[in-house]
Amino acid sequence: MSAILQDKTIVVMGVANNRSIAWGITKSLHNAGAKLIFTYRQERSKQKLEKLLEKNDIEPQMVVACDVEDDDSIKQAFQEIGETNGTIHGLVHSVAFANTDELQGEYADTSRDGYLTAQNISAYSLVAVTREARKLMTEGGGIVTQTYLGAERVVPNYNVMGVAKAALEASVRYLAEDVGKDGVRVNAVSAGPIRTLSAKGVSGFNEKMSVIEEKAPLRRQVDQDQVGDATMFLLSDLARGVTGEVLHVDSGFHIVA
Ligand code: NDP
């Protein structure tokens, strides 16, 4: 049997370092035979990404800058991807941001600027990149974003990011309807807490992790590799009947009262 993503070209957004969820996804997609294109925002992330790729013997098709706060940057990135690679079959959106001071205390204290920043980078960005990516997905394909339980329930300190993730999950459904007619599927993975650079910004993150071991049906932590494999599944033809879905990869924590 040939590898599940053989001959598929997939764009991965959001590798900052080896702890990034997008890095776990990269390994799963590579093992499944995909050709990979990467986008980065900060130069520092690009350097870390290139070292990781080299160390793991992964040859990228392309590494291109893309700041999702900037429409021109998004347009330029996908134009370059199209010119160099032609058709793409998948997109991984693993990007979010909120100011650290909004990820503690009361949600009621969220500033207008803080609210808009979180929505802009963490939710609207999926809309903007889907619009550009679909132009290159001429053979259909899959788009997968990363969300968290704080979209559905009040998780202490997650605050403005929970509201941004709720918008992101609603966007998954509306976008799925729009691009479904072109054979493109849009889904989200809702991961349990994983220690990453971004997670460090959320107050009380350690407690969120320890409660998974105590209460989740599987009684163990979630890691980047589990999220990677679930994302790989959603991007593959194995999930050809699945769109507009939020798949929890959280050791089952979301079902427990
Ligand atoms: P990382 O910090 O490793 O990754 C976040 C990524 O977002 C970085 O690569 C960062 O790029 C990128 N980013 C931020 N702002 C922009 C921007 N304006 N333009 C382009 N890229 C940007 O953290 P995670 O791997 O934890 O986060 C990935 C996704 O997973 C996020 O959506 C997060 O909310 C979600 N998630 C995380 C969970 C966790 O517990 N860690 C649980 C559930 C979901 P750069 O560093 O170059 O700025």
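Worth saying up front: this structure is predicted, and the values here are computed from it rather than measured. Counting starts at 1 for both ligands and their atoms, in listed order.
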Give the single entry among V95, I194, L197 that approaches atom 21 (N) of ligand 1 most closely by any heavy atom. V95
Is [X] reaching over with its side chain to a backbone N or O of [Y], donor-acceptor style, under 3.5 angstrom?
| X | Y | value |
| --- | --- | --- |
| S122 | F97 | yes |
| D223 | Q226 | yes |
| N187 | V242 | yes |
| S203 | Q104 | no |

What protein heavy atom sits nearest [atom], and how far off is it?
| atom | answer |
| --- | --- |
| atom 19 (N) of ligand 1 | V68 N, 2.9 Å |
| atom 43 (C) of ligand 1 | T147 O, 3.1 Å |
| atom 26 (O) of ligand 1 | T196 OG1, 2.6 Å |
| atom 6 (C) of ligand 1 | S94 O, 3.6 Å |
| atom 18 (N) of ligand 1 | D67 OD1, 2.9 Å |
| atom 38 (C) of ligand 1 | I21 CD1, 3.7 Å |
| atom 30 (O) of ligand 1 | Q146 CB, 3.4 Å |
| atom 1 (P) of ligand 1 | S198 OG, 3.4 Å |

Kindly confirm or rule out an N or O of G14 lying under 3.5 angstrom from an N or O of ligand 1. yes
[X]: numbered ligand 1 atoms lying under 4.0 Å from its heavy atoms:
| X | value |
| --- | --- |
| V15 | 9 (O) |
| S45 | 45 (P), 46 (O), 47 (O) |
| G192 | 40 (O), 42 (C) |
| P193 | 40 (O) |
| A16 | 3 (O), 8 (C), 9 (O), 46 (O) |
| S20 | 1 (P), 3 (O), 25 (O) |
| A191 | 42 (C), 43 (C) |
| F205 | 40 (O) |

Counting C-beta onward and ignoring hydrogens, is there a side-chain heavy-atom pair between [X] and [Y] closer than 4.5 Å?
| X | Y | value |
| --- | --- | --- |
| R185 | I143 | no |
| F38 | L53 | yes |
| L36 | H30 | yes |

Kindly work out whether a path of hydrophobic side-chain contacts (I/L/V/M/F/W/Y, heavy atoms less than 4.5 Å apart) joins L168 to V249. no
Between V15 and L5, is there a shared hydrophobic cluster once you connect ILVMFWY residues whose side-chain heavy atoms come closer than 4.5 Å? yes
Ring-plane angle category for Y148 and Y158, please: parallel below 30°, perpendicular beyond 60°, tilted otherwise. perpendicular
Under-4.0 Å heavy-atom contact between protein and atom 16 (C) of ligand 1: yes
Yes or no: does K165 have any heavy atom under 4.0 Å from an atom of ligand 1? yes
Counting heavy atoms only, which part of C66 comes closer than 4.0 Å to ligand 1: side chain, backbone, both or neither? backbone
Quiz question: by atom type and distance under 3.5 Å, do the side chains of N17 and R44 form a donor-acceptor pair? no
For the residue pair D229 and S28, confirm or rule out a side-chain donor-acceptor distance under 3.5 Å. yes
Residues A167 and Q119: closest non-hydrogen pair is CB-OE1, 3.4 Å
